[in-house]
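Residue numbers count from 1 along this sequence.
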Amino acid sequence: QVQLVESGGGLVQAGDSLRLSCAAFGRTFGSYAVGWFRQAPGKERVLVAALPWTGESGRARYVDSVKGRFIISRNTAKDTAYLLMNSLKSEDTAVYYCATPSQPWTTGWDVNEYTFWGQGTQVIVSS
C-alpha cells in the first residue's frame, strides 16, 4: 500500500517562499512520476507541476500560472518529493496535494494516471 504524506503548508505573505514536502511510504519515487495538484475554494483540483520518472528524458512541466516561480524536485534516496514555491501570490492560496501513479515509467502530465494521493496541506497567501 502506497502512502503519501505532505507537509510544509502554512500562512505566508505575498512574495514569500514556501517549500512543500511529500514523503512516500511503500513507493520508490525513482520509477514513478510525481505531481503536485492544488484545489482552491470552490474550484476544481488542478495539476500545477509534474515530474516524470527518473529515466524519462523530459523535464518537469508546470502550469502557466506557476512557471518561473515553482520548482518541483525529488530526492530518490529519501523517497520524498518537493514543491518550492517562490514569489507567492494570493491566487496561490489552496490545498496542495501530491500524487503518484500506480503505473511506473510515465511522464506525469496526464491527470488520469494518478492513483495515490496525500491528505493535502493548506497554503494561505495573504496580500
Short side-chain to backbone donor-acceptor contact, [X] and [Y], under 3.5 Å:
| X | Y | answer |
| --- | --- | --- |
| R69 | S87 | yes |
| T80 | K78 | yes |
| S126 | V12 | yes |
| W109 | A60 | no |
| R61 | V48 | no |
| Q3 | G26 | no |
| T121 | G9 | yes |

Can you give me the closest heavy-atom contact between [X] and [Y], atom names plus distance?
| X | Y | answer |
| --- | --- | --- |
| W36 | A81 | CZ2-O, 4.0 Å |
| A49 | Y62 | CB-CD2, 3.6 Å |
| S127 | S90 | CB-CB, 4.3 Å |
| I72 | G35 | CD1-CA, 4.5 Å |
| A50 | Y114 | CB-OH, 3.8 Å |

Original post:
Among V66, D16, L20, which residue meets the side-chain contact (heavy atoms from CB on, under 4.5 Å) test with M85?
Top reply: L20
Applying the 4.5 Å side-chain criterion to the ILVMFWY set and letting contacts propagate, would [X] and [Y] be lumped into a single cluster?
| X | Y | value |
| --- | --- | --- |
| I124 | L88 | no |
| V46 | Y97 | no |
| Y82 | F116 | no |

How long is the straight-line distance from [atom2] of [Y] back to [atom1] of [X], given to the nearest 0.5 Å?
| X | Y | atom1 | atom2 | result |
| --- | --- | --- | --- | --- |
| S7 | Y96 | OG | OH | 15.0 Å |
| E6 | Q119 | CD | CD | 4.5 Å |
| T106 | W53 | OG1 | CH2 | 10.0 Å |
| E113 | L47 | CD | CG | 9.0 Å |
| S31 | W105 | OG | CH2 | 7.0 Å |
| N75 | C22 | CG | SG | 12.5 Å |

Subject >> Pairs flagged by salt bridge (Lys or Arg N to Asp or Glu O under 4.0 Å) wherever residues 21-41 is involved - sequence neighbours left out >> reply: R38-D92
Side chains of [X] and [Y]: does their closest heavy-atom pair fall under 4.5 Å?
| X | Y | answer |
| --- | --- | --- |
| Q122 | L11 | no |
| T100 | L4 | yes |
| F25 | V5 | yes |
| L18 | V123 | yes |

Subject >> side chain to side chain contact (heavy atoms under 4.5 Å, CB included) between L83 and F70, intermediate numbers included >> reply: CA-CA 7 Å; L83 184 67; F70 289 14; 4.1 Å; yes
**OP:** For the pair F37 and W117, evaluate ring-ring contact (aromatic ring centres under 6.0 Å, His included) and give the outcome as yes or no after the intermediate values.
**Re:** CA-CA 10 Å; F37 292 72; W117 297 82; 4.6 Å; yes
